[in-house]
Every structure is written in C-alpha cells, then in structure tokens.
Amino acid sequence: MNIGIIVHSKTGTTLKFSEIIAARCRKKGHTVDLVRLKTDRPVDSGSVRQKKNFSLVNNPDCSGYDAILAGGPVWAISASPIIIAFLEEQQSISGKKMLPFVTMGFPFTFMGGRQAIKLMSNTAAGKGAIVLPGKIVPKLFHNYRALMEKAAEEIANIL
Ligand SMILES: Cc1cc2nc3c(=O)[nH]c(=O)nc-3n(C[C@H](O)[C@H](O)[C@H](O)COP(=O)(O)O)c2cc1C
C-alpha cells in the first residue's frame with residue numbers, strides 16, 4: 001500500500017511519532033512518504049476557533065496514496081489549525097483511508113486529544129475519506145515513547 005504521512009509538528013514530538021509510524025509501516029512492506037507541513041509564516045500558537053492567518057506552502061498532492069495518516073499536536077483543546085488547513089484544502093482524499101493521530105501535553109485524552117481526533121475525523125469525512133480510528137499520545141506522566149511504539153504497531157496492523 002502507498003501511504004502518505006502528513007504531519008504538523010512545532011517542537012518535534014508529533015514528527016517523532018510519525019517517524020515511528022513510518023518505520024512500522026515500512027516493516028510491513030508498505031511504501032511511505034513523510035511530509036512535514038510548512039507555513040508561509042511562523043505559527044507558534046492558535047486555535048481552530050480563530051480565523052486562519054497563515055497559508056500552507058507545501059500542501060502535498062495525496063492522489064497517489066491509498067491511505068493518508070494525518071498528525072499534529074493538540075492546540076487549545078482541539079486539533080492544530082495547520083493540520084486542519086491541510087485536510088480542508090485536500091482535493092484528493094475522497095474514497096481513501098484516513099487515520100488521524102495527535103500528541104498532547106496534558107495527561108488525559110479528554111483535555112484536547114479526543115476533541116482533536118473528532119475534528120480531524122469529521123473534516124476528512126466531509127471530504128469523502130474513509131476515516132479509521134485515531135490515535136492519541138499524551139505526554140505528562142506517561143512513558144509516551146512506549147505509547148508511540150504501541151500506537152504505531154496498531155496503526156500498521158489496521159491499514
Ligand atoms: C499553542 C499550543 C497549545 C497547546 N494546547 C494544548 C492543549 O490544549 N492540550 C494539551 O494537552 N496540550 C497542548 N499543547 C501541548 C502540545 O500538544 C504538545 O506538547 C505536543 O506534543 C507538541 O507536539 P509537537 O512537538 O509535534 O509540536 C499545546 C502546545 C502549544 C504550543
């Protein structure tokens with residue numbers, strides 16, 4: 001399967017998670033591209049509830065992928081506005097599998113993780129994607145590296 005992992009990561013945590021997912025998927029024989037989203041200006045904070053004040057400069061064409069894994073940090077108790085911009089601007093995810101994943105600072109998934117996965121899932125579903133169950137990795141009080149490994153294995157198994 002041809003897989004595109006598209007990620008927003010400000011400080012590198014979600015990028016690390018993406019790299020672990022990519023490695024697991026490649027081990028299963030899949031072809032994987034990993035693309036880190038870039039914006040036309042630095043975006044250090046923000047919320048999906050605010051008006052967008054940036055543009056994506058490398059919104060990848062996903063038409064060649066069978067599955068798209070979209071990841072980002074939790075921001076302001078929801079999804080990162082940058083990964084939402086990617087999903088909203090996509091013209092080519094209809095009929096494809098889409099699996100959302102997030103990392104978060106707070107320890108409990110109700111502190112933004114679940115809200116982020118829900119918004120990412122609904123946005124992709126609105127574009128006609130076949131949405132798979134998302135993955136949340138919280139950091140505080142967790143061995144989050146181990147959680148990433150476990151989630152990556154589960155992702156590779158359900159694709
Ligand atoms: C602007 C901003 C808002 C954040 N809001 C939340 C939040 O609402 N809930 C949470 O658990 N973590 C929040 N965090 C923490 C990040 O989700 C967490 O550190 C994440 O792992 C960072 O991923 P990254 O290194 O890929 O950027 C926030 C971080 C930033 C910079």
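As the structure lists them, so they are numbered: ligands from 1, and atoms in each ligand from 1. Basis for what follows: all heavy atoms, side chains included, without hydrogens, waters or symmetry-related copies.
Residue pairs that meet the side-chain hydrogen bond (donor to acceptor under 3.5 Å, both in side chains) test with at least one member in residues 31-41, sequence neighbours left out, are Asp33-Tyr65.
Between the side chain of Lys127 and the backbone N or O of Ala129 there is no donor-acceptor pair closer than 3.5 Å. When atom types are taken as modelled, the side chain of Gln115 and the backbone of Val74 share no donor-acceptor pair closer than 3.5 angstrom.
Closer than 4.0 angstrom to ligand 1 sit non-hydrogen atoms from Ser9, Lys10, Thr11, Gly12, Thr13, Thr14, Asp44, Ser45, Pro73, Val74, Trp75, Ala76, Ile77, Thr103, Met104, Gly105, Phe106, Met111, Lys139.
Between Phe101 and Met120 the shortest side-chain heavy-atom distance does not fall below 4.5 Å. A 4.5 Å side-chain heavy-atom check between Ile117 and Lys135 finds every atom pair outside the cut-off. Within the 4.5 Å cutoff, the side chain of Ile68 has heavy atoms near those of the Ile6 side chain.
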